[in-house]
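Single-structure report; data block below.
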Amino acid sequence: MLDLKWIRENPDAFDAALKRRGGAPMSASVLEMDKRHRDAITELQSLQNRRNEASKQIGAVKSKGGDAAPIMAEVATIKDRMTALEVEEKKLGEEVRGVLLTIPNVLHKDVPDGKDEGANVEVRKWGSPRQLGFPAKDHADLGASLGLMDFTQAAVMSGARFVVLKGELARLERAIAQLMLDTHTRENGYTEMNVPLLVKPEALYGTGQLPKFEEDLFKTTNGMYLISTSEVTLTNLVAERIVEGGELPMRVTAFTPCFRSEAGAAGKDTKGMIRNHQFEKVEMVSIVAPEESEGELERMTKCATGILEKLELPYRVVALCSGDIGFGSNRTYDIEVWLPGQNTYREISSCSNTGDFQARRMNARFRPAGETKGTRFLHTLNGSGLAVGRTLVAILENYQEADGSIRVPAALKPYMGGIEVISSKK
RNA sequence: GGAGAGGUGGCCGAGUGGCUUAAGGCGCCGGUUUGCUAAACCGGUGUAUUGGGAAACCGAUACCGAGGGUUCGAAUCCCUCCCUCUCCGCCA
């Protein structure tokens, strides 16, 4: 959510920011609504002031045995106006907030302009695709021929976009998550958390999935939602809180399932486990002071790419352009891993700085160290570290051998109980 | 799910309709005293919105779990909901 005061003082910059996102100017309508709201507040407060004074007089007069009827009559005359104003003020306030909740974050000045993902800019590249010397298979074919990846039976119980992993592949997924968590907790300063997978709508308003992207989520019959990413729960750890400055930076990570309806993705990535309704992800969230967030984004991106380097998987880092960047983010780096089966780089992580955008929605503030009064909004960042399912895909495709077996990456061997090669059980 | 007890500022805790602009204490900040520390004493100490001001600041309004209601006036009375604790039942 944007700062209404900032919009008041910088209407032109606000409209320019909307334009970069491909939106129409809104400053005039927002400020008009804001003006009506504030006028209502001002009038209501002056009436409340008069009522409070009159009520005190009534008490004083009555205690002396006098006649308070004239003053009571005066209060009665302003009562109707007050009731109406209360209703109006509330309605106008909700109207303003409702509009603010649908406005995307202001982009960082260095975000490249562009209409869609075609305009994203490659920032750096690491490793080079291995020369296989035979035609690459994709992960779905590899998994099926190993007898350890079953989409058919998953569809029987759950429908499309689900998978059943078996034996060494199930273990491999667990091993990948272990490596990621161990790396982030031991080397990168993150604290491991175990968080809820079901949340109230408020939590999703806080991180920005609601109100605009409800169709991407699974909703339960009692009005809760399955999380689409543990960014939601990890970031909401500071919701409605005032954090002491000395506690910053807060770095938290979690390994959780994620649930997405993939409403707008019909026909996209229908084969394999690239785009499933349920997948596992290790997420990183950093809560920092405003001055630190730009540096933290670079740091977090390196924490994510560090995993790919441990796994010796070639990747590139891409700066998202204005047309491709997420609603709440002011700047995003996508990390794309090389997939021989698709002969291309595919997204495996997305690291975003949301500035104070989510913090405003969540009312997440901090008191700078050494200051006793006053609070400021925190800055929040989130990044996948990494998508575990897609990492498994990348390992299958990059470590495949001509006979369809999979070598276990060196970094994962300690987590695989000595297994060096995953081969067909047929 | 059943029965009971609760939810008041950073923390503890008083407060059953108007001398409460939420007592008192702890903590924290500043000051006095002091060779230093401690103690003692004095003063200060929330959040948000709104109005005024260039600003430091000054005024107003709201906030005692949340939302409604009664009343000239609500932390206090009424209704609904949420959460916590204890016991019982069920359960991984």
Side-chain angles (χ1 to χ4, degrees), chain A residues 1-10 30-101 194-206 220-225 233 236-248 250 256-257 356 358-378:
Chain A
M1 190 161 62
L2 301 185
D3 182 5
L4 193 49
K5 262 184 225 152
W6 177 80
I7 296 175
R8 262 177 225 148
E9 287 157 18
N10 305 278
V30 168
L31 292 180
E32 205 265 323
M33 245 189 284
D34 175 47
K35 177 79 167 65
R36 287 197 295 150
H37 179 224
R38 289 201 292 165
D39 286 348
I41 289 175
T42 307
E43 188 183 350
L44 178 62
Q45 288 188 350
S46 78
L47 289 179
Q48 284 169 331
N49 186 16
R50 249 167 60 195
R51 180 205 58 192
N52 289 348
E53 284 175 358
S55 291
K56 273 184 193 166
Q57 281 177 31
I58 292 168
V61 169
K62 278 190 169 179
S63 69
K64 286 175 191 158
D67 178 16
I71 313 174
M72 286 171 75
E74 189 212 328
V75 175
T77 60
I78 62 176
K79 199 93 195 270
D80 285 348
R81 180 62 185 151
M82 278 183 68
T83 309
L85 267 175
E86 275 168 18
V87 172
E88 194 188 337
E89 187 274 325
K90 197 174 172 188
K91 196 186 111 225
L92 290 169
E94 279 166 5
E95 222 172 276
V96 174
R97 185 174 167 83
V99 170
L100 285 181
L101 283 173
N194 201 319
V195 288
L197 305 178
L198 281 168
V199 294
K200 299 190 286 183
E202 288 84 347
L204 291 155
Y205 275 96
T220 66
T221 52
N222 69 342
M224 297 182 85
Y225 294 87
T233 26
N236 271 279
L237 288 170
V238 291
E240 303 295 337
R241 275 185 61 194
I242 300 173
V243 176
E244 290 305 324
E247 293 179 55
L248 302 177
M250 281 175 56
T256 69
D356 64 8
Q358 293 178 324
R360 280 181 194 284
R361 290 172 161 245
M362 294 188 303
N363 199 24
R365 295 161 291 164
F366 75 107
R367 185 171 280 115
E371 291 181 22
T372 50
K373 58 197 295 186
T375 59
R376 298 172 67 192
F377 285 111
L378 289 157

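Below, chains carry the letters A, B, ... as their sequence lines are ordered, and counting in each starts from 1. Basis for what follows: all heavy atoms, side chains included, without hydrogens, waters or symmetry-related copies.
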Determine the interatomic distance between [atom1] on [N] and the same-named atom on [M]; round to the nearest Å.
N     : M     : atom1 : value
B:G44 : B:C36 : C1'   : 26 Å
B:G24 : B:G13 : C1'   : 8 Å
B:A56 : B:U49 : P     : 15 Å
B:C72 : B:C58 : P     : 36 Å
B:G25 : B:G43 : P     : 11 Å
B:U80 : B:C57 : P     : 47 Å

query = Which residue pairs satisfy the salt bridge (charged side-chain N to carboxylate O under 4.0 Å, His left out) criterion with at least one member in residues 35-45 of chain A, sequence neighbours excluded?
reply =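 The answer is A:Glu32-A:Arg36, A:Asp34-A:Arg38, A:Lys35-A:Asp39, A:Arg36-A:Glu95, A:Glu43-A:Arg81.
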query = Which of residues 87-97 of chain A have a heavy atom under 4.0 Å from RNA chain B?
reply = A:Lys90
Results of side chain to side chain contact (heavy atoms under 4.5 Å, CB included) for [X] - residues two or more places apart only:
X        : result
A:Asn52  : none
A:Pro201 : A:Tyr205, A:Leu210, A:Tyr225
A:Asp67  : A:Ala69, A:Pro70

key: Partner residues of A:Thr221 under the side-chain hydrogen bond (donor to acceptor under 3.5 Å, both in side chains) criterion, sequence neighbours left out   =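 Applying side-chain hydrogen bond (donor to acceptor under 3.5 Å, both in side chains) to A:Thr221 gives none.
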request  = Would you please name every residue forming a side-chain hydrogen bond (donor to acceptor under 3.5 Å, both in side chains) with A:Asp80, sequence neighbours left out?
outcome  =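 Listed in chain order: nothing, the list is empty.
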request  = Please state whether the phosphate of B:U61, meaning OP1 or OP2, lies under 4.0 angstrom from any side-chain nitrogen or oxygen of A:Asn49.
outcome  =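 Checking A:Asn49 against B:U61: at least one side-chain N or O falls below 4.0 Å of OP1 or OP2.
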inquiry  = Looking at A:Asn236 and A:Ala203, would you say the former's side chain and the latter's main chain have a donor-acceptor pair under 3.5 Å?
reply    =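 Flag set: sc A:Asn236 to bb A:Ala203 pair under 3.5 Å.
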Can you list, pair by pair, the side-chain donor-acceptor contacts under 3.5 Å of residues 83-93 of chain A, counting residues two or more places apart and other chains?
| residue | atom | partner | partner atom | Å |
| --- | --- | --- | --- | --- |
| A:Thr83 | OG1 | A:Lys79 | O | 3.0 |
| A:Glu89 | OE2 | A:His37 | NE2 | 2.9 |

request  = Please tell me if the side chains of A:Leu248 and A:Leu378 come closer than 4.5 Å, counting only heavy atoms from C-beta onward.
outcome  =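 In contact.
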Identify each donor-acceptor pair in which a side-chain atom of residues 53-61 of chain A lies under 3.5 Å from a protein atom, sequence neighbours left out, and give them as a table.
| residue | atom | partner | partner atom | Å |
| --- | --- | --- | --- | --- |
| A:Ser55 | OG | A:Arg51 | O | 3.1 |

request  = Applying side chain to side chain contact (heavy atoms under 4.5 Å, CB included), run through A:Val30 and A:Leu4 and close with a yes or a no.
outcome  = CA-CA 9 Å; A:Val30 168; A:Leu4 193 49; 4.0 Å; yes
N/O contacts under 3.5 Å, protein versus nucleotides 48-51 of chain B?
| residue | atom | partner | partner atom | Å |
| --- | --- | --- | --- | --- |
| B:A48 | OP1 | A:Arg365 | NH1 | 3.2 |
| B:A48 | OP1 | A:Thr375 | OG1 | 2.8 |
| B:U50 | OP1 | A:Arg8 | NH2 | 3.3 |
| B:G51 | OP2 | A:Arg38 | NH1 | 3.4 |

inquiry  = Quick check: closest heavy atoms across A:Arg50 and A:Glu74, and the distance to 0.1 Å?
reply    = NE-OE2, 3.9 Å
Please tabulate, one pair per line, each protein N/O and nucleotide N/O from nucleotides 71-78 of chain B that are separated by under 3.5 Å, including the distance.
| residue | atom | partner | partner atom | Å |
| --- | --- | --- | --- | --- |
| B:C72 | O2' | A:Ser55 | OG | 3.1 |
| B:C72 | N4 | A:Lys62 | NZ | 3.4 |
| B:G73 | OP1 | A:Lys79 | NZ | 3.3 |
| B:G73 | O4' | A:Ser55 | OG | 3.1 |

request  = For RNA chain B, write out the stems as range with range, using runs of 3 or more consecutive Watson-Crick or G-U pairs with both distances under 3.5 Å.
outcome  =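 B:1-7 with B:82-88, B:10-12 with B:24-26, B:27-32 with B:40-45, B:46-52 with B:57-63, B:65-69 with B:77-81 - these are the stems of 3 or more pairs that involve RNA chain B.
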